[in-house]
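Note that the structure is predicted; figures quoted are calculated from it, not measured. Throughout, residue positions are numbered sequentially from 1 according to the sequence presented.
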Amino acid sequence: NKYDGWFFCQGKVYTEPQFQKLRLLYNKTFNENLKPKLNLITPSKIPENTLGVNYRYINMYFTNDGKETPFKNIMSLEEFNKKYINEIEKSFDEGKYDKIYLACQHRIFFEECVKKFKDKLMYIELNRLEEHLWEIHRNVPILKEYTDVVTDITNLNSCKHLLISPSNMIFSLLYMNTNISYEVFNFLEETYTG
């Protein structure tokens, strides 16, 4: 009730003191019904000291001003991406990580990360999206779409720590693994997803 039923879409839910109880509840469902199906994918070998990061495109976020103001109306894509990269760099340096695993389907941000982090960056190969396009425009079969998502989730699950963008994908990971440590990108904590 506190989050009007949209608990998994609001950034601040991930910093809610009661969120761990919700993770444990969903974890029970995962272990009983879904865990055996994960053997359908081939995860990457993620080094032990890896920072996991997921990127969610600017169009997916809204401010918490009560007016559902999209981020794209209050900041440019360049500023949005710069905020992401700055926080990744800060977490990477402070945590003294060896690698960064990036789950990202959008080409512009992906290329910026490759340029910035070079050989420190790990990711799966996939057909990344241009600006303003949704996943259905990647021109891949639906099974490949889901396999890519589950592969990213499984790879992120192998990371030492996560720097996350609130999303259904991350929510799924956090109830699959109730012990993995994470923090929300600072500028996304008070937002909710579209």
May I ask you to test the Tyr14-Ile170 pair for a side-chain heavy-atom distance under 4.5 Å? yes
Between Glu94 and Lys90, is there a side-chain N and carboxylate O pair less than 4.0 Å apart? yes
One should read off an interatomic distance between Glu89 CD and Lys82 NZ, to the nearest 0.5 angstrom, of 11.0 Å
Would you give the length of the straight line joining atom OG1 of Thr50 to atom NZ of Lys45, rounded to the nearest 0.5 angstrom? 13.5 Å
Can a donor-acceptor pair be found, under 3.5 Å and without considering hydrogens, that links the side chain of Tyr61 to the backbone of Pro166? yes
With distance as the sole criterion, is a donor-acceptor pair present between the side chains of Asn155 and Tyr123 under 3.5 Å? no
Can you check whether Asn127's main-chain N or O pairs, donor with acceptor, with Arg107's side chain at less than 3.5 Å? no
What heavy-atom pair brings Asn27 and Met176 nearest, and what distance separates the two atoms? ND2-O, 3.1 Å
For the pair Asn54 (side chain) and Ser165 (backbone), establish whether a donor and an acceptor sit closer than 3.5 Å, ignoring hydrogens and angles. yes
Once you measure the plane-to-plane angle for Tyr84 and Phe187, does it fall in the parallel (<30°), tilted (30-60°) or perpendicular (>60°) bin? perpendicular
When you compare the side chain of Met75 with that of Thr63, does any pair of heavy atoms fall below 4.5 Å? no
Pairwise distance OG1(Thr147) to CG(Asp152) - rounded to 0.5 angstrom: 11.5 Å
Ile124 and Val114: same hydrophobic cluster, using ILVMFWY side-chain contacts below 4.5 Å? yes
Rounding to 0.5 Å, atoms CD1 (Ile153) and CG (Asn177) come to a distance of 12.0 Å
Verify, without hydrogens or angle tests, whether Asn157 (side chain) and Leu173 (backbone) share a donor-acceptor contact under 3.5 angstrom. no
Determine, stepwise, if the pair Phe185 / Leu163 fulfils side chain to side chain contact (heavy atoms under 4.5 Å, CB included). CA-CA 6 Å; Phe185 280 89; Leu163 185 56; 3.6 Å; yes
Is there a donor-acceptor pair closer than 3.5 Å between any side-chain N or O of Lys96 and the backbone N or O of Asp93? no
Which pair of non-hydrogen atoms, one from Val184 and one from Glu87, has the smallest distance, and what is that distance? O-OE1, 4.5 Å
Please confirm whether the backbone N or O of Asp119 pairs with a side-chain atom of Lys99, one donor and one acceptor, at under 3.5 Å? yes
Go through the steps to decide whether Leu102 and Phe117 satisfy the test side chain to side chain contact (heavy atoms under 4.5 Å, CB included), and finish with yes or no. CA-CA 11 Å; Leu102 176 64; Phe117 301 111; over 6 Å; no
In Å and rounded to the nearest 0.5 Å, what is the CG to NZ distance from Asn186 to Lys83? 10.0 Å
Would you check if Thr151 and Thr42 make a side-chain contact, meaning some heavy-atom pair closer than 4.5 Å? no
In terms of heavy-atom contacts, Glu48 and Lys160 come closest through O-CB, 3.4 Å
So do Ile85 and Phe109 actually touch side chain to side chain, heavy atoms under 4.5 Å? yes
Side-chain touch Leu22/Tyr175, heavy atoms, less than 4.5 angstrom: no
Taking all non-hydrogen atoms of both residues, which atom of His106 and which atom of Arg128 are closest, and how far apart? C-CB, 4.2 Å
Looking only at heavy atoms, what is the nearest atom pair of Leu188 and Phe71, with distance? CD2-CE2, 3.6 Å
Going from CD1 on Ile180 to OG on Ser158, what distance comes out if it is rounded to the nearest 0.5 angstrom? 8.0 Å
I need the minimum non-hydrogen distance between Glu112 and Asn81, along with the two atoms involved. OE1-CB, 3.4 Å
Establish whether Ile74 and Ile58 are linked, either directly or via other cluster members, by ILVMFWY side-chain heavy-atom contacts under 4.5 Å. yes
Step-by-step side chain to side chain contact (heavy atoms under 4.5 Å, CB included) determination, Cys159 to Leu51: CA-CA 6 Å; Cys159 295; Leu51 173 66; over 6 Å; no
Do any N or O atoms from the side chain of Glu183 and from the backbone of His161 form a donor-acceptor pair under 3.5 angstrom? no
Pair Met169-Leu156, side chain to side chain contact (heavy atoms under 4.5 Å, CB included): steps then yes or no: CA-CA 10 Å; Met169 181 177 136; Leu156 287 168; 3.7 Å; yes
Check the angle between the aromatic planes of Tyr55 and Phe80 and answer parallel, tilted or perpendicular using the 30° and 60° thresholds. perpendicular
